[in-house]
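Step one of this worksheet: look at the structure below.
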Amino acid sequence: MSRYNAREVEPKWQKTWEDGNVFRAEIDRSKPKYYVLEMFPYPSGKIHIGHGRNYVMGDVVARFKRAAGFNVLHPMGWDAFGLPAENAAMEQKVHPGKWTYANVETMKSQLKLLGLSIDWSREFATCDPAYYKHQQKMFIDFYKHGFVARKEANVNWDPVDHTVLANEQVIDGRGWRSGALVEQRKLTQWFFKIADMAEELLTAIDDLDRWPDKVRLMQRNWIGRSEGARVTFTLTDPKHKSLEVFTTRPDTLFGASFCAISPDHPIAQDLASKNKALVDFIAECKRIGTTEAAIETAEKMGFDTGIKAKHPFVEGQTLPVYIANFVLMEYGLGAIFGCPAHDQRDLDFARKYGLPVIPVVIPDGENPKTFTVGKEAYVGDGKLFNSDFMDGMSVPDAKRAVIKKLEAMKAGTGTVTYRLRDWGVSRQRYWGCPIPMIHCTACGVVPVPDKDLPVKLPEDATFDQPGSPLERHPTWKNVACPSCGKPARRDTDTMDTFVDSSWYFARFCDNTATLPTNKEAVDYWLPVDQYIGGIEHAILHLLYSRFFTRAMKASGYAGVSEPFAGLFTQGMITHETYKDPDGKYLFPEEVERRDDMAVKRGTNHRVTIGAVEKMSKSKKNVVPPEAVADTYGVDAARWFMMSDSPPERDSEWSDSGIEGAWRFVQRVWRIVGEAAPALPAPGAPAPASFSPAALELRQVAHRTIVAVTEGLERFRFNTSVARMYEFVNFLADYKPAGADGHWALREALEILVVLMNPMVPHLAEECWQALGHKALVVHTAWPKADPALTRQDTVTIAIQVDGKRRDEITMAKDADAKAVEAAVLALETVVKAIDGRRVKKVIIVPNRIANIVVER
RNA sequence: GCCCUCUUGGCGGAACUGGUAGACGCAACGGACUUAAAAUCCGUCGUUCGCGAGGACGUGCCGGUUCGAGUCCGGCAGAGGGCACCA
């Protein structure tokens, strides 16, 4: 019996599958369809283990579903536009397209190495004009259907490089290359009007029952529906007569001690036009950056405008109006009233500027005369006080009452707002899908006519200077207005790459369609039955795709509203990060461990070991899969990736453990090879009866079918693996005797091979052949467990006395509770544990546990 | 700061829906086989007390609910993800 040689065996079967077009998917209405999709990769250079786990997981599902009788679609493509290609262009003087396609080549061969059951005929890259042409077409259709708007938004501006920076490129408020303090600039940009769809996207979450609850919750929170009120304050300023604010706590209006508006609020902007101090203040607010995290963690700052707002209910009471850095223009109305006693941010602000803190809600049981708010705002439930007509009301009653009163006075109205903002899609970059719009001084914004699509990126762009290559290209932007024919200019922005990934799953249904989608194909294949990807995409990518699919449906390109019926979010693969003395990241293979320290390989340079973080190219903490596959074979790597961590959990990559997977591969091969010569022919009729040993083997085999199948269905790949280990351990000890024993062994080995096929498909084919089969395992149906063999006749019941385990007893399954009680109380160990005390209660949980509660 | 997770032996983890904590794998240790090594096979493996039978403790920490909590509730700590221009 020769050793299993993965290097020879694996390419052989990959060729067999490829030559036979085994994974080509076609519409076939005689079978139920199953669309399994892993989030497609950005071609950053190389596949790492984190990707590998994702794709192997999807492949296990695809192969399992195929065996279970489904018509499976399992495609792959490339999320090929993005910032790293442009950075590479600047650093390495290589065109982004060339860089990207080179990476695609590398990564495709790596994926092929993994033996994935992918229909490669459907492959495409989003940077191909044949793909983005359709995206431009849909952009225009969405524009015509009212899903697109044009408005101003803030961007990070690097004043030295004259470039718009991504949030990632802003480090501690400075540009990553220039080191200049980043400013915010307003630009007019294109938006998808996702906010208009907030309610629809929110309520539809209820029906996504095959999505993880945590993702549904995150999306709900992101959309952030909140009921509240708009309140109009009359201002003392001669120019600005009134201020409208949004609040979720109108009930606390009597506790208001100030109003605050965003630095972007029109009133703030107007006041700044004649106030130098205010200009400086706003500039300082802007320096914090555009990210919510930065704004929320920054120290609260306010600028007193001197304007006063009149309290709507209290005659003569006025509130100072501040401009404050923590008020976002994008949320609500960009203006609030502050009630420090019942909002932490307002409290921090009030303490800093010496504003009054008046509690108006009191927790039950507190004395209104002595109740005060110190360092912590009281945000809980309670009864209103200090609040005139609301005194004594609960918070919800008070909200209703105050809105009613405001409406009667025409000083406000009840309203619903959402945290979700419109999706800004304009990017001042080269390597993206050009926005197919033309700006004409006479006609305004004019869409590019269909016949002129695609608007292709110019090949001869330059990357040797900062700024937008499209903007500075000498000729590209000059174009005749499609409407009046006079000279006009193209939009020089490209689309956010999230647009590319918001519909690729629909294009996979037919990547040759002349329209963006082929209606017959999308109606057949969509929605994706099982979508698999990292939890880091739980909000943006998934929400954008849900929006985009709805917009496609409205434009006639899709028949469904929800793109992903089932979602599995896998945990991230993490690894330590390493930095050399210059602070540059190092790859793990560049690092050498010496005792307690780490040094750069081949040198004595001390390496700093940083945090354990998700594998990413920018941090270099990646492990390529080939190293593992070269040594142990792809199947061992696949098996190991599925065996250790539960897939939804983050896990830190370690090299130990892969040897165990390799031993498993060898062991299965040895067991099959040693047994094969003595087995009956494939398909031999079953003997009439079985010896006890043969029967036990059959029971173990059939119980393994049940357990492994359930594990795969529930994405518990690691427990399926454990059950197969147990099965193999049992098989290794099994000594067949007689014809029945050999028949049972063939049955068991065939079950094992088919069950392990989704995870170790090359080994499975090789074993299947060794067992005398001519057909491929990939064409073999999933085994069905025989209920007569999986039935359990006896059970072990644990016995507790006062909740402490004392003994166990084997009983017939579903034995009568009275019989169990009698048997348990008769046991010597139990009598001893009771020790003569009075038995208060006996709890019998059928087939599980007996607990005897005694007097203490 | 806000939202969402996670925390079980030396390590990865198992434990259906509140019912025998530690399946399975890794590492380690002891032994068999071998001239030797590799491979393979057998065994031990949460902590602690005990010669032993057996007992006590034990699922990040503090508290609660329950006959019974890794699992449910409240609080705390640590780690990770997201926060709208990384993908």
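Below, chain A is the first sequence line, B the second, and so on; all start at residue 1.
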B/G25 OP1/OP2 closer than 4.0 Å to side-chain N/O of A/N729: yes
Closest listed nucleotide, where the reference is the side chain of A/R649 and the choices are B/C67, B/G82, B/G13: B/G13
hbond_proxy A/E296 side chain to B/C83 base (donor-acceptor, 3.5 Å cutoff): no
Distance between P atoms of B/G52 and B/G46 (Å, rounded): 16 Å
Distance below 4.0 Å between A/T497 side-chain N/O and B/A87 OP1 or OP2: yes
Nearest-Å distance once atom C1' is located in both B/U7 and B/G70: 11 Å
Within 45° cone of A/F191 ring axis and under 6.0 Å: A/K151 NZ or CZ: yes
Inter-nucleotide P distance (B/U40, B/G55), Å rounded: 38 Å
Interatomic distance at C1', B/C24 relative to B/G75, whole Å: 36 Å
Exercise: identify the closest heavy-atom pair between A/A6 and A/G633: CB-CA, 3.8 Å
Presence of A/S645 side-chain N/O under 4.0 Å of B/G13 phosphate oxygens OP1/OP2: yes
Separation of B/U40 P from A/D733 CG (nearest whole Å): 15 Å
N or O in side chain of A/N718 less than 4.0 angstrom from B/A14 OP1/OP2: yes
Distance-only side-chain donor-acceptor flag, A/W78 / A/N103, under 3.5 Å: no
Distance, C1' atom - from B/A21 to B/C4, rounded to whole angstrom: 28 Å
Integer angstrom distance from the C1' of B/C61 to that of B/G25: 30 Å
Interatomic distance where CG belongs to A/L542 and C1' belongs to B/G81 [whole Å]: 14 Å
Contact residues, residues 188-198 of chain A to RNA chain B [heavy atom, < 4.0 Å]: A/Q189
Among B/A84, B/U20, B/C86, the one nearest A/R421 by side-chain distance: B/A84
Watson-Crick or G-U counterpart of B/C83, or none if no pair lies under 3.5 Å: B/G1
Geometric class of the A/F547/A/W423 ring pair [parallel <30°, tilted 30-60°, perpendicular >60°]: perpendicular
Spacing of A/N167 atom CG relative to B/G82 atom C1', expressed in whole Å: 13 Å
Heavy-atom side-chain contact between A/R716 and A/V708 under 4.5 Å: no
Paired nucleotide for B/C57 [Watson-Crick or G-U wobble; both distances under 3.5 Å]: B/G46
Touch class at under 4.0 angstrom, heavy-atom based, for A/R723 against every strand present: nothing
Integer angstrom distance from the C1' of B/G18 to that of B/G82: 33 Å
Nucleotide-resolved protein contact map, nucleotides 69-77 of chain B, B/S/- at heavy-atom distance under 4.0 Å: ---------
